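These numbers come from a predicted model, not from an experiment.
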Amino acid sequence: MYDPTVARLTYRGLLGRRRALILGALPALLIVISAVVRALTGADDQVAHDVLGGFALATMVPIIGVIAGTGAIGPEIDDGSVVYLLAKPVKRPTIIITKLIVAIAVTMAFSALPTFIAGLILNGNGQQIAVAYTVAALVASIAYAALFLLFGTVSRHAVVFGLVYALVWEALFGSLVSGARTLSVQQWALAVAHKVSDSSLVTSDVALPTATVLLIVLTLAATWYAGRKLRTLTLAGEE
């Protein structure tokens with residue numbers, strides 16, 4: 001279910017010079033902000049929680065997920081080059097799963113590692129806050145990559161839909177409407193982080209068992225449906 005050639009082409013597309021600069025901008029900004037905040041306020045658990053929760057997990061991780069998830073397949077569909085990929089003797093589920101693995105790896109690398117570094121800078125991992133938000137970033141990376149890969153498969157406006165979900169649904173509605181938080185990848189990841197952290201600062205509106213089930217269901221359902229849509233796209237191209 002993993003094709004090295006597809007993976008290599010996907011990595012090359014995602015980590016080209018222009019996209020790599022975009023992917024690296026937010027992590028670099030997070031680390032700079034963390035260094036400045038630490039210099040101004042010293043080690044403070046509340047500040048670490050605010051920066052990692054308010055910027056890293058709520059903004060940086062989903063945006064990187066949008067770039068990696070949609071970029072893993074969206075450009076190939078837009079320019080028609082996906083037809084050449086589909087003509088190869090590679091099973092369609094293998095293509096989707098390979099691209100998902102690449103998208104997850106890229107999202108994790110550009111979100112979880114900077115989150116951990118920022119946490120160490122902010123409070124030296126006091127009360128396991130840095131580790132907790134790093135785990136949250138890792139968990140969220142999987143769900144976001146699957147969801148946004150699906151968006152890239154079904155729509156030419158995947159980036160727009162991804163940003164609407166990440167910045168409008170989760171950030172806006174999630175902060176105003178309590179019921180919306182139940183359908184928030186961010187809250188599901190926070191439920192896992194709460195289990196890891198020794199701090200009462202890291203909390204979630206979703207219980208861990210519910211969050212775990214929803215994370216698994218979203219990832220599997222999005223991957224399955226993306227494979228189904230890719231199979232339909234193949235038939236349309238052949239016709």
Side-chain angles (χ1 to χ4, degrees), residues 1-31 55-79 81-82 85 94-118 133-167 169-171 184-186 188-189 215 218-227 229-230:
M1 300 302 289
Y2 179 84
D3 187 273
T5 301
V6 174
R8 185 175 65 255
L9 293 173
T10 306
Y11 275 118
R12 185 182 301 172
L14 284 177
L15 300 178
R17 181 175 300 178
R18 181 179 177 182
R19 188 169 277 114
L21 289 174
I22 297 174
L23 284 169
L26 285 176
L29 180 60
L30 171 65
I31 292 174
F55 182 76
L57 187 61
T59 302
M60 182 186 73
V61 180
I63 289 179
I64 290 176
V66 169
I67 297 171
T70 61
I73 195 169
E76 293 176 321
I77 294 178
D78 290 342
D79 63 19
S81 61
V82 70
L85 177 61
T94 299
I95 294 174
I96 288 296
I97 291 175
T98 301
K99 287 183 173 294
L100 175 61
I101 291 172
V102 172
I104 290 172
V106 170
T107 306
M108 285 182 172
F110 282 89
S111 61
L113 181 58
T115 298
F116 182 65
I117 295 172
Y133 276 105
T134 300
V135 171
L138 290 171
V139 170
S141 294
I142 299 173
Y144 282 135
L147 178 62
F148 298 140
L149 178 66
L150 171 62
F151 287 175
T153 306
V154 302
S155 173
R156 293 181 179 272
H157 306 289
V159 173
V160 175
F161 290 139
L163 291 175
V164 167
Y165 173 81
L167 302 180
W169 177 261
E170 291 203 340
S184 167
V185 173
Q186 178 186 338
W188 303 344
L215 282 166
L218 172 63
T219 302
L220 294 179
T223 304
W224 171 80
Y225 194 66
K229 292 300 293 183
L230 191 63

query = Considering residues at least two apart in sequence or located in another chain, which fulfil the side chain to side chain contact (heavy atoms under 4.5 Å, CB included) criterion with Leu147?
reply = Phe151, Tyr165, Leu218
query = Restricting to pairs with a member in residues 96-105, which pass salt bridge (charged side-chain N to carboxylate O under 4.0 Å, His left out), not counting sequence neighbours?
reply = Glu76-Lys99
Hey, what do you get for [atom1] ([X]) to [atom2] ([Y]), rounding to the nearest 0.5 Å?
X      : Y      : atom1 : atom2 : value
Leu230 : Ile77  : CG    : CD1   : 6.5 Å
Leu138 : Ile104 : CG    : CD1   : 11.0 Å
Ile142 : Ile101 : CD1   : CD1   : 11.0 Å
Leu149 : Thr219 : CG    : OG1   : 11.5 Å

Distance-minimising heavy-atom pair for [X] and [Y]:
X      : Y      : answer
Ala189 : Ala136 : CB-O, 3.4 Å
Pro114 : Leu30  : O-CD2, 3.8 Å
Ala112 : Ala137 : CA-CB, 3.8 Å
Leu14  : Gly71  : CD2-C, 3.5 Å
Lys229 : Thr153 : CB-CG2, 3.7 Å

inquiry  = The criterion is ring-ring contact (aromatic ring centres under 6.0 Å, His included); which residues satisfy it with Phe110, sequence neighbours excluded?
reply    = none
task = Quickly, which of Ile63, Ile64, Leu57 forms a side chain to side chain contact (heavy atoms under 4.5 Å, CB included) with Met60? Name it, please.
result = Ile64
Any [X] side-chain heavy atom under 4.5 Å of [Y] side chain:
X      : Y      : answer
Gln186 : Tyr144 : yes
Val6   : Thr94  : no
Ile96  : Ile73  : yes
Phe161 : Thr70  : no
Val66  : Val159 : yes
Val139 : Trp188 : no

Other residues, nucleotides, ligands: >12 heavy atoms within 6.0 Å of Tyr225 OH = no
inquiry  = Under a 3.5 Å distance rule, please check whether Thr107 uses its side chain to pair with a backbone N or O of Ser141 as donor and acceptor.
reply    = no
task = Would you sort out whether Leu23 and Leu15 count as a side chain to side chain contact (heavy atoms under 4.5 Å, CB included), showing the intermediate values?
result = CA-CA 8 Å; Leu23 284 169; Leu15 300 178; 4.2 Å; yes
query = Please walk me through it: do Ile22 and Ile67 pass side chain to side chain contact (heavy atoms under 4.5 Å, CB included)?
reply = CA-CA 9 Å; Ile22 297 174; Ile67 297 171; 3.5 Å; yes
